[in-house]
Chemist: 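Shown below is the structure under consideration.
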Amino acid sequence: MSDFDRKKIEMDLLAFTARNFQRPAECRNLEQIRFYVRELCLKIEELEKRFSYVPNCAYALLAQYNSRQNSMLHMDFRNAYHGM
């Protein structure tokens, strides 16, 4: 695969996520984040099957969503058990 093809796949992925996803920091509930994680995983699988290539930005975005999800879970846990 040429550098041009890799760059095109990366640009297409960035355009797709910009159009269809909210940034992780803007997500306000766990279900929303879980939806984006699931969709992004499906997109990563699709790219892997079609091109045998997944841009690093896809994994970086997935890590950001997972980090946001973990922060929200920690806050929920802390709030639920803080008063006990």
Side-chain angles (χ1 to χ4, degrees):
M1 177 177 290
S2 71
D3 286 341
F4 176 80
D5 292 333
R6 286 188 187 101
K7 192 67 172 169
K8 171 106 172 70
I9 292 169
E10 184 176 346
M11 297 304 291
D12 289 346
L13 177 65
L14 291 173
F16 172 79
T17 57
R19 249 188 344 266
N20 297 302
F21 290 20
Q22 272 190 326
R23 292 192 322 236
E26 295 172 351
C27 294
R28 297 293 170 228
N29 65 61
L30 287 170
E31 290 306 313
Q32 181 183 26
I33 292 174
R34 287 179 181 141
F35 174 80
Y36 289 137
V37 167
R38 186 172 40 252
E39 291 298 310
L40 188 54
C41 286
L42 290 173
K43 191 67 170 172
I44 288 170
E45 284 180 22
E46 175 191 335
L47 291 171
E48 184 63 42
K49 285 180 184 174
R50 286 181 64 198
F51 304 110
S52 296
Y53 171 73
V54 179
N56 288 334
C57 63
Y59 295 112
L61 184 58
L62 184 59
Q64 291 172 22
Y65 280 116
N66 283 326
S67 176
R68 179 75 172 138
Q69 178 175 299
N70 290 340
S71 294
M72 292 177 91
L73 285 169
H74 178 73
M75 284 182 3
D76 285 352
F77 178 81
R78 199 177 72 218
N79 291 340
Y81 294 101
H82 182 69
M84 295 185 133

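Just so it is clear, the values below take in all heavy atoms, side chains as well, and ignore hydrogens, waters and symmetry mates. This is a predicted model, so every value here is computed, not measured.
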Chemist: Do the side chain of Arg68 and the main chain of Cys27 share a donor and acceptor less than 3.5 angstrom apart?
Modeler: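 Side chain of Arg68 to backbone of Cys27, a donor-acceptor pair under 3.5 Å: yes, one is there.
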Chemist: Would a hydrophobic clustering, with Ile, Leu, Val, Met, Phe, Trp and Tyr connected at side-chain separations under 4.5 Å, put Ile9 with Met11?
Modeler: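 No, Ile9 and Met11 fall in different hydrophobic clusters.
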Chemist: Would you say Pro24 and Asn66 make side-chain contact, with heavy atoms under 4.5 Å?
Modeler: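 Result no, sub-4.5 Å side-chain heavy-atom pair not found.
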Chemist: For atom CZ of Arg23, is the number of surrounding heavy atoms from other residues, nucleotides or ligands below 6.0 Å larger than 12?
Modeler: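 No, because the 6.0 Å sphere around CZ of Arg23 holds 12 heavy atoms or fewer from other groups.
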Chemist: Tell me whether Phe16 is reachable from Leu14 by hopping between hydrophobic residues (I, L, V, M, F, W, Y) whose side-chain heavy atoms are closer than 4.5 Å.
Modeler: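 In one cluster with Leu14: Phe16, no.
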Chemist: Salt bridge or not between Arg6 and Asp3? Use side-chain N to carboxylate O under 4.0 Å.
Modeler: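 Answer for the salt bridge query: yes.
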Chemist: With a 4.5 Å heavy-atom cut-off, do Glu46 and Leu42 have their side chains touching?
Modeler: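 Not in contact.
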Chemist: Please identify each residue that fulfils side-chain hydrogen bond (donor to acceptor under 3.5 Å, both in side chains) with Asn29, with sequence neighbours left out.
Modeler: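 Per chain and number, Asn29 pairs via side-chain hydrogen bond (donor to acceptor under 3.5 Å, both in side chains) with no residue.
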Chemist: When the ring planes of Tyr65 and Tyr36 are compared, do they come out parallel, tilted or perpendicular, using 30° and 60° as the limits?
Modeler: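 Taking Tyr36 first and then Tyr65, their aromatic rings sit tilted (interplane angle of 30° to 60°).
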Chemist: Could you give the distance from CD (Gln32) to CD (Gln69), rounded to the nearest 0.5 Å?
Modeler: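 Gln32 CD to Gln69 CD: 11.5 Å, rounded to 0.5 Å.
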Chemist: Among the clusters formed by ILVMFWY side chains lying less than 4.5 Å apart, do Tyr59 and Met1 turn up in the same one?
Modeler: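 Yes, it is one cluster - the side chains of Tyr59 and Met1 are joined through contacts under 4.5 Å.
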Chemist: If we only count heavy atoms from C-beta on, is the Thr17 to Lys43 side-chain gap below 4.5 Å?
Modeler: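 SC-SC contact between Thr17 and Lys43 ruled out.
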Chemist: Just so I know, are the side chains of Leu13 and Leu61 near enough to count as touching, which here means a heavy-atom distance under 4.5 Å?
Modeler: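 Answer no - side chains too far apart.
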